[in-house]
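The structure appears right after this line, and notes come after that.
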Amino acid sequence: MNFFLDENFPKSAEQILQKIGHKTFLLDKQQVGIDDISIFKLAQEKQAIFLTTDKDFFHTIPFQFRDHYGIIIIALKLPNRKNILEKLEWAINNFDLNNFKDKVILLRDSSYNIR
């Protein structure tokens, strides 16, 4: 499975994902700061599930991209690295990532929404 980490997502997620056999992609230094649509298009070019903490993606992407490889948005009250990584691991263990195409999941502290 391929994952694309948004610039706001902890880079340490890359090690966790690679350790369990996934491939990861990050923005190049010259790409940092590009707009959300451009970042999401890069993830789609890599056929990757997009990982972000920006909940705007939950409200925009499903309407702008009917076909995509999936998005996991982690929006927590205390969005520190530890909490984000714990929520990512929970998602990996609780969702079938092989059937994730076109799904957008917004994970919060104690709930989640799926589009």
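Sequence positions, counted from 1, serve as the residue numbers for this chain.
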In short, Pro10 meets Arg81 closest at the heavy-atom pair CB-CG, 3.7 Å

Would you say Lys103 and Ile49 make side-chain contact, with heavy atoms under 4.5 Å? no

- Task: Group every Ile, Leu, Val, Met, Phe, Trp and Tyr by side-chain heavy-atom contacts under 4.5 Å, then state whether Leu97 and Ile84 land in the same group.
- Result: yes

Worked verdict on Arg108 versus Asn113 for side chain to side chain contact (heavy atoms under 4.5 Å, CB included): CA-CA 9 Å; Arg108 295 197 171 118; Asn113 293 346; 3.8 Å; yes

Here the gap from Asn8 atom CG to Leu27 atom CG, rounded to the nearest 0.5 Å, amounts to 9.5 Å

message: Are there over 12 heavy-atom neighbours, none belonging to Gln44, within less than 6.0 Å of that residue's CD?
response: yes

- Item | Over 12 non-hydrogen atoms of neighbours within 6.0 angstrom of CZ in Phe100 | yes

Any non-hydrogen side-chain atom of Asn2 less than 4.5 Å from a side-chain atom of Tyr69? no

All heavy atoms of Glu86 vs all of Lys82, minimum pair found to be OE2-NZ, 2.8 Å

### Query
Around Arg115, counting heavy atoms of other residues, nucleotides and ligands shown, do more than 12 lie under 6.0 Å from its CZ?
yes

The reported gap from CG in Leu107 to CG in Leu76 (rounded to nearest 0.5 angstrom) is 8.0 Å

Tested for side-chain contact (heavy atoms from CB on, under 4.5 Å) against Leu106, the lone hit among Ile71, Ile74, Ile73, Ile72 is Ile73

On a heavy-atom basis, the closest approach of Asp109 and Lys87 is O-NZ, 3.0 Å

> Which class fits the ring pair Trp90 and Phe95: parallel under 30°, tilted 30 to 60°, perpendicular over 60°?
Replying inline: perpendicular

The single option from Leu26, Thr52, Ile39, Leu51 that satisfies side-chain contact (heavy atoms from CB on, under 4.5 Å) with Phe4 is Ile39

Exercise for review: Tell me whether Ile92 is reachable from Leu85 by hopping between hydrophobic residues (I, L, V, M, F, W, Y) whose side-chain heavy atoms are closer than 4.5 Å.
Suggested key: no

- Task: Give a yes or no on whether Lys41 atom NZ has more than 12 heavy-atom contacts from other residues, nucleotides or ligands under 6.0 Å away.
- Result: no

query: Do the side chain of Asp36 and the main chain of Phe57 share a donor and acceptor less than 3.5 angstrom apart?
result: no

Would you find a donor on one side and an acceptor on the other, under 3.5 Å apart, between the side chain of Asp35 and the backbone of Ile37?
yes

Rounded to the nearest 0.5 angstrom, the CE-CG distance for Met1 and Leu17 is 11.0 Å

For the hydrophobic clusters of this structure (ILVMFWY residues joined by side-chain heavy atoms under 4.5 Å, transitively), does one cluster hold both Leu42 and Leu5? no

ask   = If only atom types and distance count, is the side chain of Asp6 paired as donor or acceptor with the main-chain N or O of Phe9 below 3.5 Å?
value = no

Mind checking whether Leu88 and Ile20 sit in one hydrophobic cluster, side chains of I, L, V, M, F, W, Y counted as touching below 4.5 Å?
yes

Looking only at the aromatic ring of each residue, does the gap between the centers of His68 and Phe40 stay below 6.0 angstrom?
yes

Within 45° cone of Phe3 ring axis and under 6.0 Å: Lys23 NZ or CZ
no

Shortest non-hydrogen pair, Asp96 vs Asn99, comes out as OD2-ND2, 2.6 Å

Main-chain N/O of Asp67 paired to Lys101 side chain as donor or acceptor, under 3.5 Å:
no

